[in-house]
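The structure under discussion appears below in the form of structure tokens.
Below, read A as the first sequence line, B as the second, and so on, with proteins coming before strands; counting in each chain starts at 1.
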There are 2 protein chains.
Amino acid sequence: MFDIDNMTASSPGISTSCVNISAVERDTGLSKDTLRAWERRYGFPNPSRDSNGERVYPAEQLEKLRIIRRLIDSGLRPGNVVSEPLDVLYARMQTLPSSVPRTEGEFTAADDAFRLLKLHRLVELRQLLSHSLMRLGLQRFVLDVVAPLNELVGNGWIEGRIEIFEEHLYAEQIQQLLRHAIGTMPGDGSGPRILLTTLPGEQHKLGLLMAEACLSVEAAHCISLGVQTPVWDIVQAARAHHADIVALSYSQATPFNTVCANLANLRGELDAAVELWCGGSFWQTARRTVPGVKAIATLAEIPAALATWRREHSACSAAQ
Amino acid sequence: MFDIDNMTASSPGISTSCVNISAVERDTGLSKDTLRAWERRYGFPNPSRDSNGERVYPAEQLEKLRIIRRLIDSGLRPGNVVSEPLDVLYARMQTLPSSVPRTEGEFTAADDAFRLLKLHRLVELRQLLSHSLMRLGLQRFVLDVVAPLNELVGNGWIEGRIEIFEEHLYAEQIQQLLRHAIGTMPGDGSGPRILLTTLPGEQHKLGLLMAEACLSVEAAHCISLGVQTPVWDIVQAARAHHADIVALSYSQATPFNTVCANLANLRGELDAAVELWCGGSFWQTARRTVPGVKAIATLAEIPAALATWRREHSACSAAQ
DNA sequence: AATCCATTTTTGTCCAAGACAAATTTAATT
DNA sequence: AATTAAATTTGTCTTGGACAAAAATGGATT
């Protein structure tokens with residue numbers, strides 16, 4: 001019993017040449033249905049078939065799909081990019097708008113960190129970040145260093161200047177640093193109890209951690225559930241831990257309507273007394289608001305939002 | 001334009017009553033194809049249809065699917081459980097074998113922690129864990145407290161005694177603790193450079209973190225990429241960071257053949273001088289070994305494995 | 001009773017080709 | 001220039017069939 005495709009696969013030193021549709025779905029984030037539809041409509045991807053008639057994707061096509069994914073994530077439409085040859089796609093990547101609004105002054109730390117990441121100088125990177133944190137304090141560190149660095153790394157991935165493993169490594173370093181910082185803060189239990197998480201499908205944990213850092217600095221009592229908590233479990237957790245506020249984090253990639261539907265759904269399930277906050281950069285271009293949901297467009301708004309809550313809450317308890 | 005199903009859905013105060021197949025896939029982890037196949041073969045799930053002929057699953061069926069998932073994860077087969085009524089399923093959950101081999105003496109800490117988790121007494125839980133860590137040291141804490149607690153929580157989920165949000169919360173607490181402990185260890189750079197990660201599809205980050213803790217204690221230089229790194233990126237990262245060892249972590253849920261295929265694949269891509277270690281409880285029942293891959297059946301074996309590496313490596317450099 | 005091998009059943013995943021609604025773009029009108 | 005309407009694009013869902021890997025079963029042998 002031998003497999004022709006696996007034999008042809010291992011030709012030029014690369015044994016991962018050929019993968020099935022499940023692997024492509026996993027590695028590109030494009031659903032099987034989408035992959036088949038593109039093949040039907042645009043003629044790409046164009047996988048060969050194994051002895052059983054099933055699709056087998058060569059590594060080059062997988063790589064091209066990743067590039068296409070980047071372009072679509074940054075606003076282009078499938079019909080305009082999927083059937084284009086590879087060099088045209090590379091050309092288009094150059095013309096993407098780089099949306100990194102940087103505050104002058106602290107941009108050097110983020111730039112330096114990015115350079116160290118690319119050079120794989122991990123020890124120095126950690127030192128630099130750790131030093132910045134100590135010098136600026138947690139709040140300013142998150143706003144002025146981590147946030148722009150996040151953008152740099154994110155754009156670097158879209159433009160292909162950052163490998164996946166470098167992004168992973170970056171996320172680990174920041175996580176280590178922020179968790180350590182958050183962990184060493186006392187937390188006197190006086191502030192509001194805030195339940196932090198993301199909904200299923202949203203995997204971006206750094207945004208959540210940055211929010212937790214900013215909230216902890218303001219003496220809020222944070223209870224983080226990590227990423228991807230189902231709606232029903234958020235409701236249960238809010239009750240079990242007597243949360244005053246449920247705070248969700250979205251990355252910009254999420255379709256706006258999905259966000260609205262989820263928020264409305266969750267709002268309906270939560271007790272009325274519990275506030276629902278939603279952070280994510282997409283609010284900057286949001287067309288409508290969701291009733292009963294507080295939009296937090298940027299991390300910098302967090303102190304003000306907390307101050308408002310405290311004012312309203314103290315007034316409320318005084319009235320009682 | 002009105003939707004009959006959504007109207008019947010919002011009857012008893014629950015607005016999430018009806019969901020489409022995508023949501024079910026997301027919330028249960030069962031693929032769309034599997035859900036349709038079960039419906040065809042066993043008559044369950046049995047969703048109604050919306051005006052467009054698409055499946056709409058009521059909340060009860062979703063809940064039952066979650067229970068079925070637990071039973072299958074613990075070894076039962078779909079044909080025996082999918083078509084059974086709900087009360088039979090509950091009865092079967094009671095009869096599941098509890099496979100927690102506990103070392104006498106330290107089991108009280110894990111049990112107490114589990115109890116505190118169920119009572120949502122977060123502050124006390126953190127204190128207890130933190131105290132155990134200080135008393136036992138990181139290594140023993142991981143082996144004697146975290147590992148059995150992991151089992152307790154995992155089994156609790158399978159048996160339905162633990163909610164998803166409680167598991168999330170647990171994972172966050174442990175993560176916080178371990179990261180903090182790992183972060184405060186000096187790391188003199190003398191030990192082997194170990195690249196730690198999991199392959200795509202493997203999301204269990206606690207196992208990885210526990211391994212990192214045990215390795216760090218033995219003065220290894222750990223470079224963690226977090227979870228779900230593609231094979232090609234592992235190879236790149238190993239080169240970029242001059243790793244001596246690549247260590248992968250698997251949870252017991254992964255099919256054995258998948259593990260073997262991935263390992264063989266990765267082994268072929270990695271430089272021959274780089275060792276490949278693979279940890280995961282499935283080795284305890286493993287039928288075969290993979291050439292060129294070192295199996296680490298339990299965390300307790302880590303010190304010995306590191307000692308072996310050091311012996312071989314020092315002999316090697318002396319011979320040169 | 002335990003181990004091994006061959007046969008049968010179970011089960012997850014894949015396929016094709018069509019359909020449709022939501023999102024987006026384009027065209028037309030005020 | 002701003003709205004509105006029509007056309008296009010695009011992701012996701014549908015059915016019913018197919019097949020291979022995994023698991024269970026049934027003997028035969030040690």
Side-chain angles (χ1 to χ4, degrees), chain A residues 1-6 19-26 28-42 44-45 47-57 68-69 71-73 75-83 201 253-261 285 287-288, chain B residues 1 3 5-6 18-26 28-45 47-57 65 68-69 71-73 75-83 201 253-261 282 285 287-288:
Chain A
M1 189 111 64
F2 58 95
D3 191 341
I4 292 176
D5 301 277
N6 270 339
V19 292
N20 63 9
I21 196 169
S22 283
V24 176
E25 176 182 43
R26 212 182 42 200
T28 64
L30 301 165
S31 78
K32 298 185 185 87
D33 278 323
T34 301
L35 289 167
R36 295 197 197 102
W38 284 5
E39 186 179 340
R40 213 186 318 159
R41 288 171 186 156
Y42 316 119
F44 186 89
S48 51
R49 302 301 179 114
D50 67 4
S51 55
N52 194 30
E54 301 189 354
R55 290 172 175 79
V56 177
Y57 296 81
I68 290 171
R69 180 71 206 276
L71 289 169
I72 290 174
D73 277 351
L76 297 186
R77 303 197 68 187
N80 299 328
V81 287
V82 174
S83 51
T254 324
F256 189 71
N257 278 14
T258 311
V259 178
C260 288
T285 58
R287 292 160 288 273
R288 56 182 157 134
Chain B
M1 189 111 63
D3 191 340
D5 300 278
N6 271 339
C18 288
V19 291
N20 63 7
I21 196 170
S22 283
V24 177
E25 176 181 45
R26 213 183 41 201
T28 64
L30 301 164
S31 78
K32 299 186 184 88
D33 278 323
T34 301
L35 288 166
R36 295 196 196 102
W38 284 6
E39 185 179 340
R40 213 185 318 159
R41 289 171 184 156
Y42 315 120
F44 185 88
S48 53
R49 302 299 178 115
D50 67 4
S51 55
N52 194 29
E54 301 189 353
R55 291 172 175 78
V56 176
Y57 296 82
L65 283 172
I68 290 171
R69 179 74 206 275
L71 289 169
I72 290 174
D73 277 351
L76 297 185
R77 304 199 65 186
N80 298 327
V81 288
V82 174
S83 51
T254 323
F256 187 72
N257 279 15
T258 311
V259 179
C260 288
F282 63 91
T285 58
R287 291 160 288 273
R288 57 181 156 134

Any donor-acceptor pair, under 3.5 Å, between the side chain of A:Arg36 and the base of D:dG11, if you only look at N and O atoms?
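When only heavy-atom distances are counted, A:Arg36 does not reach the base of D:dG11 through any donor-acceptor pair under 3.5 Å.
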Side-chain donor or acceptor of B:Arg40 under 3.5 Å from a matching atom on the base of D:dG17?
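Indeed there is one.
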Determine the contact category for A:Arg55: base if any of its heavy atoms lies under 4.0 Å from a base atom, sugar-phosphate if only primed atoms, P, OP1 or OP2 are that close, otherwise nothing.
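Sugar-phosphate contact only - A:Arg55 comes under 4.0 Å of backbone atoms but never of a base.
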Between atom [atom1] in [X] and atom [atom2] in [N], what is the gap in whole Å?
X       : N      : atom1 : atom2 : value
B:Leu30 : C:dT13 : CG    : P     : 9 Å
A:Lys32 : C:dA16 : NZ    : C1'   : 16 Å
A:Asp50 : D:dA21 : CG    : P     : 10 Å
B:Arg69 : C:dT11 : CZ    : C1'   : 14 Å
B:Glu25 : C:dG12 : CD    : P     : 14 Å
A:Asp33 : C:dC14 : CG    : P     : 11 Å
A:Glu54 : D:dC19 : CD    : P     : 11 Å
B:Leu35 : C:dT11 : CG    : C1'   : 14 Å

For B:Pro78 against B:Ile72, the heavy-atom pair lying closest together
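Of all heavy-atom pairs spanning B:Pro78 and B:Ile72, the closest is CG-CD1, 3.7 Å.
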Can you see which heavy atom on A:Arg49 is nearest to which on A:Val56, and at what distance?
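In this case the closest contact between A:Arg49 and A:Val56 is C-CG2, 4.3 Å.
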Sort out for me which residue in A:Phe44, A:Tyr42, A:Trp38 forms a side-chain contact (heavy atoms from CB on, under 4.5 Å) with A:Ser83.
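Looking at A:Phe44, A:Tyr42, A:Trp38, the match for A:Ser83 under the side-chain contact (heavy atoms from CB on, under 4.5 Å) is A:Tyr42.
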Among B:Val82, B:Leu71, B:Ile68, the one residue meeting side-chain contact (heavy atoms from CB on, under 4.5 Å) with B:Leu76:
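That would be B:Leu71; it is the only one of B:Val82, B:Leu71, B:Ile68 passing the side-chain contact (heavy atoms from CB on, under 4.5 Å) with B:Leu76.
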So if I take every side-chain heavy atom of [X] and compare against [options], which nucleotide ends up nearest?
X       : options                : answer
A:Trp38 : C:dT13, D:dT12, D:dG11 : D:dG11
B:Asn52 : C:dC20, C:dT13, D:dT12 : C:dC20
B:Thr34 : C:dT13, D:dT12, C:dT11 : C:dT13
B:Arg49 : C:dT10, D:dC13, D:dT15 : D:dT15
A:Tyr42 : D:dG11, D:dT10, C:dT13 : D:dT10

Assuming nearest nucleotide by heavy-atom distance, tell me which of A:Gly75 and A:Ser22 is located more 5' along DNA chain C.
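By nearest-heavy-atom nucleotide position, the 5'-most residue is A:Ser22.
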Taking for each residue the nucleotide of DNA chain C with the nearest heavy atom, is it B:Ala37 or A:Glu39 whose nucleotide lies nearer the 5' end?
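With B:Ala37 and A:Glu39 compared, the 5'-side residue is B:Ala37.
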5′-ward residue of the pair A:Arg77/B:Asn20 relative to DNA chain D
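Final value for this comparison: A:Arg77.
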So, B:Lys32 and A:Glu25, do they make that salt bridge, N to O below 4.0 Å?
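Salt bridge between B:Lys32 and A:Glu25, a charged N being under 4.0 Å from a carboxylate O: no.
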